[in-house]
Novice: 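Can you read through this structure? Questions will come right after.
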Amino acid sequence: MDASLETLVVAGYVFACSLSIPRPGPAGKVTDQELIALAVAQAVTGLVSDRQFLGTIGGLLPGCFPVLPDQSQYNRRLRRLTPWITTVQLAIAQLICDGQVRLVDGTLLGCANYAGCASKSEFAGHASYGYCASKSQWYWGMRLLLITDRHGAPLG
């Protein structure tokens, strides 16, 4: 499978269309399936800011999403769709793992939080300063990455 952004978004939309998603209230201009495809695109691009992502997706995938919600509506509806987004992401992961593409996920590990930690810690030379956008804070540490094969066994 070619793991291009457009291919992954289309796969996310197809998987989302196969789900039964209850919709409270009137139908919006953007369907829940389109929002799930947008969430897949945001995860693939790595843009953590909803505002930045909604501003750039039109250029990354021209014509795919003719109508985009505003930032607050996008965030509110994605929170409601979290269980279905997880299901679609797992389906895409299963689709990807059948090929040569491997999945990588990471998290930040703070190594020390005292003054002078960069020079006194055992991690000096390995860890560095960084900014965690999701927590809006600076940290001194490193990123833990997990690479898995198609069966979910860790490779590195």
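Model, not experiment: these values are computed from the prediction.
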Novice: For Glu6, does the CD atom sit with more than 12 other heavy atoms under 6.0 Å from it, leaving out its own atoms?
Specialist: no
Novice: CG/Leu19 to OG1/Thr87 distance, rounded to the nearest 0.5 angstrom?
Specialist: 6.0 Å
Novice: Nearest 0.5 Å please: distance from the CZ atom of Arg76 over to the CD atom of Gln71.
Specialist: 11.5 Å
Novice: To the nearest 0.5 Å, what is the distance between OG1 (Thr45) and CG (Leu8)?
Specialist: 11.0 Å
Novice: At what distance, to the nearest 0.5 angstrom, does CG of Leu109 lie from CH2 of Trp140?
Specialist: 12.0 Å
Novice: State the CG-CD distance between Leu47 and Gln52, to the nearest 0.5 angstrom.
Specialist: 4.5 Å
Novice: Are the side chains of Leu35 and Pro69 in touch, meaning some heavy atoms are under 4.5 Å apart?
Specialist: yes
Novice: Quick one: do Val14 and Ile21 end up in the same hydrophobic cluster if we chain Ile, Leu, Val, Met, Phe, Trp and Tyr together by side-chain heavy atoms under 4.5 Å apart?
Specialist: no
Novice: How close do Gln89 and Ala43 get, counting heavy atoms only, and between which atoms?
Specialist: NE2-CB, 4.1 Å
Novice: Given Arg23 and Arg80, is the side chain to side chain contact (heavy atoms under 4.5 Å, CB included) satisfied, shown in steps?
Specialist: CA-CA 10 Å; Arg23 172 88 171 109; Arg80 184 181 64 82; 3.8 Å; yes
Novice: What is the minimum heavy-atom distance between Ile36 and Gly12, and which atoms define it?
Specialist: CG2-O, 4.5 Å
Novice: Once rounded to the nearest 0.5 Å, what's the spacing between atom CG of Leu81 and atom CD of Gln33?
Specialist: 8.5 Å
Novice: Should Tyr13 and Val88 count as side-chain neighbours, where that means a heavy-atom distance under 4.5 Å?
Specialist: no
Novice: Do you know which two heavy atoms are closest between Asp32 and Arg77, and how far apart they sit?
Specialist: OD1-NH2, 2.8 Å
Novice: Heavy-atom distance under 4.5 Å between the side chains of Gln42 and Leu54, does that happen here?
Specialist: no
Novice: Does a sphere of radius 6.0 Å around CZ in Arg51 hold more than 12 heavy atoms from other residues, nucleotides or ligands, not counting ones at 6.0 Å or beyond?
Specialist: no
Novice: I want to check something: taking the side chain as every heavy atom from C-beta on, are Val30 and Tyr74 in contact at a cut-off of under 4.5 Å?
Specialist: no
Novice: Tell me whether Val10 is reachable from Leu5 by hopping between hydrophobic residues (I, L, V, M, F, W, Y) whose side-chain heavy atoms are closer than 4.5 Å.
Specialist: no
Novice: Is it the case that one hydrophobic cluster holds both Val67 and Phe65, taking links as side-chain heavy atoms less than 4.5 Å apart, direct or via other members?
Specialist: yes
Novice: Ile57 and Ala41: which non-hydrogen atoms are nearest, and at how many Å?
Specialist: CD1-CB, 4.0 Å
Novice: Counting distance only, does the side-chain N/O of Glu34 pair as donor-acceptor with the main-chain N or O of Thr31 below 3.5 Å?
Specialist: yes
Novice: Indicate the atoms forming the closest heavy-atom contact of Trp84 with Ser20, along with that distance.
Specialist: NE1-O, 3.7 Å
